[in-house]
J.: 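Here it is, the structure, as structure tokens.
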Amino acid sequence: MAKVAFVFPGQGSQKVGMGKEAFDASEPARLVFEAADRALDEPLSKLCFEGPEEALKLTANTQPAILTNSVALLRAFGEAPDVTAGHSLGEYSAHVCAGSLRFEDAVRLVRKRGQFMQDAVPVGVGAMAAILKLEDAQVRQICEETDGIVEPVNYNSPGQVVIAGEVAAVEAAGAKVKELKGRAMPLPVSAPFHCSMMKPAEEALTPHLAEIAFVDPALPVYVNVDAVPVRTADEARDALRRQVARPVRWTESVERMVADGVGLFVEIGAGSALKGMIKRIAKDVPCVSVQGPGDFEAARAAIAEARG
């Protein structure tokens, strides 16, 4: 019998209209959106359902919106995993799934996280780029040999690493990538997430994380920063603190879950970016995407098959 992992997407998966079908069809989903509106004292649900897109794309709005949509889908779906993980921001959804963090606390935390990450680096100072077709070691070497701040920050899958740092350094690294026949694709982001320039955001978030009551997860949560499962409240809090200014080790996280017996991944949230990554990391392990109520039946069938 294989284990089932629920995985949750991060920033970049947002789209206007997300969550509306679940809200209309499911009382548990509706309660999640209403709880988010109360926790933030503003109509976040309206922003998710109606936009405008420019407001939804603001980091301080994007992060609570993605979390809320993922948790609403999770509650509407009503199934439980054996293990869980999330990509960057998605780690907060994973902790809500595992019971280590109350949803209302999580949504307030990620609102602050988004604000602190945006405030850490003025708009226009930092940049990110996706590097394709090179080995991880090649990307690390290019960053080390480039003047200024530029670092690998998302190890998404074999042949796909995201770099972040100062605009000029990211551009210079991108030019070196092309010399090695790789591709460098600038990302439309407002800050250089997960690099050392985010240290002020980590420091600003730390006291807020300390104020929140965490409990020991009810199931293993594989965290970005170490690519291992955490099992205590203190480990969960510390991993969320450290991930702000350190790389997302997604490839290793998926590999570790597979090594630990995961035979099915279920991505819960907007988009299917993680499904694509997982297919490149663990080609033989099935992955299904749950983006709305229409996906529930197929996902339940896949879970039943995996568990035999």
Side-chain angles (χ1 to χ4, degrees), residues 2-15 18-19 22 62-63 65-74 77 79-98 106 110 128 130-132 136 152-162 185 187 189 193-194 219-229 239-240 243 247-260 262-292 294-296 298-299 302-303 306:
K3 293 179 182 175
V4 175
F6 284 6
V7 293
F8 298 93
Q11 200 158 334
S13 62
Q14 71 276 0
K15 60 182 179 182
M18 65 181 185
T62 305
Q63 297 203 11
I66 290 171
L67 169 80
T68 300
N69 179 60
S70 290
V71 173
L73 277 171
L74 171 71
F77 186 38
E79 302 291 331
D82 301 297
V83 305
T84 185
H87 188 281
S88 185
L89 165 71
E91 195 165 299
Y92 283 82
S93 302
H95 279 299
V96 174
C97 177
V110 300
M128 299 180 76
I131 308 304
L132 308 178
D136 293 357
V153 293
N154 289 0
Y155 293 94
N156 284 337
S157 63
Q160 189 195 111
V161 178
V162 174
M185 299 171 55
L187 298 179
V189 295
F193 302 122
H194 293 292
L219 49 94
V221 181
Y222 288 73
V223 298
N224 292 180
V225 71
D226 301 314
V228 298
L240 289 173
Q243 62 137 248
V248 173
R249 295 164 61 183
W250 187 249
T251 299
E252 290 175 83
S253 298
V254 171
E255 289 171 344
R256 177 66 186 267
M257 283 187 272
V258 172
D260 289 349
V262 168
L264 173 69
F265 290 93
V266 181
E267 178 177 6
I268 298 180
S272 57
L274 299 187
K275 182 179 177 181
M277 293 177 198
I278 289 166
K279 280 185 173 179
R280 292 190 292 272
I281 299 165
K283 296 178 176 64
D284 298 328
V285 181
C287 182
V288 296
S289 173
V290 173
Q291 300 185 53
D295 299 320
F296 290 171
I303 290 170

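Owing to the predicted nature of the structure, the values given are computational and were not obtained by experimental measurement. Values reported hereafter were calculated over all heavy atoms of this structure, with side chains retained and with hydrogens, waters and symmetry mates removed. Along the sequence shown, residues are numbered consecutively beginning with 1.
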J.: Considering non-hydrogen atoms only, spot the tightest contact between P152 and V161 and give its length.
T.: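 That would be CB-CG1, 3.9 Å.
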
J.: Rounded to the nearest 0.5 Å, what's the gap from CE on M277 to CZ on F265? Could you check?
T.: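 Output value for this atom pair is 13.0 Å.
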
J.: To the nearest 0.5 Å, how far apart are CG in D295 and OG in S289?
T.: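 Taking CG in D295 and OG in S289, the distance rounds to 6.0 Å.
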
J.: Nearest heavy-atom pair of A270 and P9: which atoms, and what distance?
T.: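 Closest heavy-atom pair between A270 and P9: O-CG, 3.8 Å.
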
J.: Would you say E252's side chain and W250's backbone share a donor-acceptor pair under 3.5 angstrom?
T.: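 It does not hold such a pair.
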
J.: Between V223 and E91, does a side chain to side chain contact (heavy atoms under 4.5 Å, CB included) hold up when you go through it step by step?
T.: CA-CA 7 Å; V223 298; E91 195 165 299; 3.6 Å; yes

J.: List the steps, then state whether side chain to side chain contact (heavy atoms under 4.5 Å, CB included) holds for F8 with L74.
T.: CA-CA 10 Å; F8 298 93; L74 171 71; 4.3 Å; yes

J.: Nearest 0.5 Å, please: how far is CD in Q291 from NZ in K275?
T.: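 These two atoms lie 8.5 Å from each other.
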
J.: Between R249 and N224 (side chain of the first, backbone of the second, donor and acceptor by atom type, cut-off under 3.5 Å), is there such a pair?
T.: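 It does not hold such a pair.
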
J.: Please find the pair of heavy atoms, one from V254 and one from I281, that lie closest to each other, and give the distance.
T.: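 That closest heavy-atom pairing would be CG1-CG2, 3.7 Å.
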
J.: Just how far is it from atom CZ of R256 to atom CG of D226, taken to the nearest 0.5 Å?
T.: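 One gets 10.5 Å once the value is rounded to the nearest 0.5 Å.
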
J.: Okay, side chain of T68, backbone of A65: is any donor-acceptor separation there less than 3.5 Å?
T.: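 Not at all, since once roles are kept as given, no pair shorter than 3.5 Å links the two residues.
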
J.: Return the minimal non-hydrogen interatomic distance between F77 and V266, and the atom names on each side.
T.: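 Result for this residue pair: CE2-CG1, 4.5 Å.
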
J.: Is it the case that the side chain of T62 and the backbone of Q11 share a donor-acceptor pair, with hydrogens and angles ignored and the cut-off at 3.5 Å?
T.: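 No, T62 side chain to Q11 backbone: no donor-acceptor pair under 3.5 Å.
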
J.: Can you give the donor-acceptor pairs under 3.5 Å from side chains of residues 80-88 to other protein atoms, not counting sequence neighbours?
T.:
residue, atom, partner, partner atom, Å
D82, OD2, V4, N, 2.7
D82, OD2, R307, NH2, 3.3
T84, OG1, F6, O, 2.8
H87, NE2, N156, OD1, 2.8
S88, OG, H194, NE2, 2.5

J.: Closest heavy-atom contact between A299 and V290?
T.: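 So the minimum-distance heavy-atom pair works out to CB-CG2, 3.6 Å.
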
J.: Any idea which heavy atoms bring L73 and G292 closest together, and the distance?
T.: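 Shortest heavy-atom contact: CD2-CA, 3.7 Å.
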
J.: Enter the distance from R280:CZ to Q160:CD here, rounded to the nearest 0.5 Å.
T.: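 That separation rounds to 5.0 Å.
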
J.: Side chain to side chain contact (heavy atoms under 4.5 Å, CB included) for L89 and V110? Distances and angles first, verdict last.
T.: CA-CA 8 Å; L89 165 71; V110 300; 3.7 Å; yes

J.: In Å and rounded to the nearest 0.5 Å, what is the CD1 to OG distance from I66 to S93?
T.: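 Going from the CD1 atom of I66 to the OG atom of S93 covers 8.5 Å.
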
J.: Step by step, would you call H95 with L240 a side chain to side chain contact (heavy atoms under 4.5 Å, CB included)?
T.: CA-CA 10 Å; H95 279 299; L240 289 173; 3.9 Å; yes

